[in-house]
There are 2 protein chains.
Amino acid sequence: MIDLSPVKQKFILHWGEMGTRWGINRTVAQIHALLYLSRKPLHAEEIARTLSVARSNVSTSLRELQNWGIVKVVHVLGDRRDHFESMKDVWEMFRKVLAERKKREIDPTLSLLRECLSEAQKEKSADADKDTQERLRELLGFFEAMTTCYEQVRHVPTGNVVKFVKLGDEVTRMLGITPR
Amino acid sequence: MIDLSPVKQKFILHWGEMGTRWGINRTVAQIHALLYLSRKPLHAEEIARTLSVARSNVSTSLRELQNWGIVKVVHVLGDRRDHFESMKDVWEMFRKVLAERKKREIDPTLSLLRECLSEAQKEKSADADKDTQERLRELLGFFEAMTTCYEQVRHVPTGNVVKFVKLGDEVTRMLGITPR
DNA sequence: CAGTTATTTCGGTAAGTTCAGAATCTAACA
DNA sequence: TGTTAGATTCTGAACTTACCGAAATAACTG
């Protein structure tokens, strides 16, 4: 951490904390922050030294970041060590994470809700739990809406994000769909 | 757990798992699932028994759910124990959580990024780290866009959510803002 | 106000996670 | 083909977080 400017330190620590709040391992998030801020790709040893964490820990964490699809291995001429760099396009990065979370958490939840609903219909005490069914159905509806929403957002190219957000603002205002 | 239908069990367990992935304590999420599915408000003792967790643990978790604003205390006539019920409107619940997460995580991140940027400008090695500044600025831009986005979504009444999502779909398609 | 029941707080313990270092594996290079 | 730098995996220790049960507190009843 000594090698880092105070600003970088501050950000990396914060990002680590935020990670834990969203179910991401602290070290994983810190490494991500470090790579995101780094001008050049770093090798594992360098990361371990900079953040004062074990080399092994870095290895595992990098693997995870690669699984999220936001960190990539690159090679530097004349150096046989792997170097790692983070995606720099924030929007693209966000989309990656969104896609991955959908795959890991939303999709399984959709399946589960559907299973539950079909099982609920077969159950003996069927009408006794009409209520549960209704609840599950509403939740399913919600996640389906989220999926639709995601499908739209997923294809907006980075350059258009701001435009897109502003547009949404206009439209909702015009149509008065959001009475306050 | 014995008192629960298989379907309820299944859902509660899943919801608990999903909770952990998003930084929510497993028990907290399970209690939330239980209350969400429950037709009538439950008292703490009942929750503890049903989920086989300690009474005290239930107490703490309920407090947390109340902090999120998605569980409320209600009183049952002729019973002096507190009873708890979950909000049933999924969309409303989602908005609550969104609002809370914004307050707890996004807003502090915005502040931090602004601090970092202003400190970065004062730093000695100022131009050496033009790059870092640029990265931070982009991240800030992203979170600002997210905030705008949130502000729109935040006022959509439950009845209009589906309409809203479909509308977004139409608009983006019409304008061809999302070329595939 | 004494007795009863519900709720919260707190200290210890169990469970889970993170981490360092050793052992193993892989591949570059002589 | 042997040597070595680098990457990965494994294991036990340290630390963190979640959880329980006991004790204290608060709320109610007669």
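As the structure is a computational prediction, the values presented were derived from the model and not from experiment. Both backbone and side-chain heavy atoms feed into the values below; hydrogens, waters and symmetry mates do not.
Checked by atom type and distance alone, the side chain of Tyr36(A) never pairs as donor or acceptor with a backbone atom of Met87(A) at under 3.5 Å. Between the Ser59(B) side chain and the Arg55(B) main chain, no donor and acceptor come within less than 3.5 Å of each other. Judged by distance alone, with hydrogens and angles left aside, the side-chain atoms of Ser52(B) form no donor-acceptor pair with the main-chain N or O of Ala48(B) at under 3.5 Å. Judged purely by atom type and a 3.5 angstrom limit, Ser38(B) has no side-chain atom pairing as donor or acceptor with the backbone of Leu34(B).
Of the N and O atoms on the side chains of Glu17(A) and His14(A), not one donor lies less than 3.5 Å from an acceptor on the other residue. With hydrogens and angles left out, the side-chain atoms of Glu138(B) and Trp91(A) include no donor and acceptor closer than 3.5 Å.
Ring-plane geometry between Trp15(A) and His32(A) is classed as tilted, the angle between the planes lying from 30 to 60 degrees on a 0 to 90 degree scale.
Using a 4.0 Å cut-off between charged side-chain N and carboxylate O, Arg95(A) and Glu92(A) make a salt bridge.
Applying a 4.0 Å cut-off to non-hydrogen atoms, the residues of residues 57-68 of chain A that approach DNA chain C are Asn57(A), listed by residue number. The stretch residues 71-86 of chain B touches DNA chain D through Arg80(B), each having a heavy atom under 4.0 angstrom from the strand.
In this structure, Gln30(B) atom CD and dC19(D) atom C1' are separated by 13 Å, rounded to whole Å. For the pair His43(B) NE2 and dT7(C) P, the computed distance is 8 Å after rounding to whole Å. Rounded to whole angstrom, the span from the CZ atom of Arg55(B) across to the C1' atom of dA18(D) amounts to 17 Å. If you take CD of Glu46(B) and P of dT7(C), they are 12 Å apart, rounded to a whole angstrom. Rounding to whole angstrom units, CZ of residue Arg49(B) and C1' of dG21(D) are separated by 18 Å. Computed from coordinates, the Ile24(B) CD1 to dT17(D) C1' distance equals 15 Å when rounded to whole Å.
For dA18(D), the OP1/OP2 oxygens have no side-chain nitrogen or oxygen of Arg26(B) closer than 4.0 Å. Taking 4.0 angstrom as the limit, Asn25(A) places none of its side-chain polar atoms (N or O) nearer than this to OP1 or OP2 of dT17(C).
For the pair Ser56(B) and Ser56(A), both in contact range of DNA chain C, the more 5′-proximal nearest nucleotide belongs to Ser56(B).
A cation-pi arrangement is not found for Arg101(B) relative to Trp22(B), the charged atom failing to lie both closer than 6.0 Å to the ring centre and inside a 45° cone about the ring normal.
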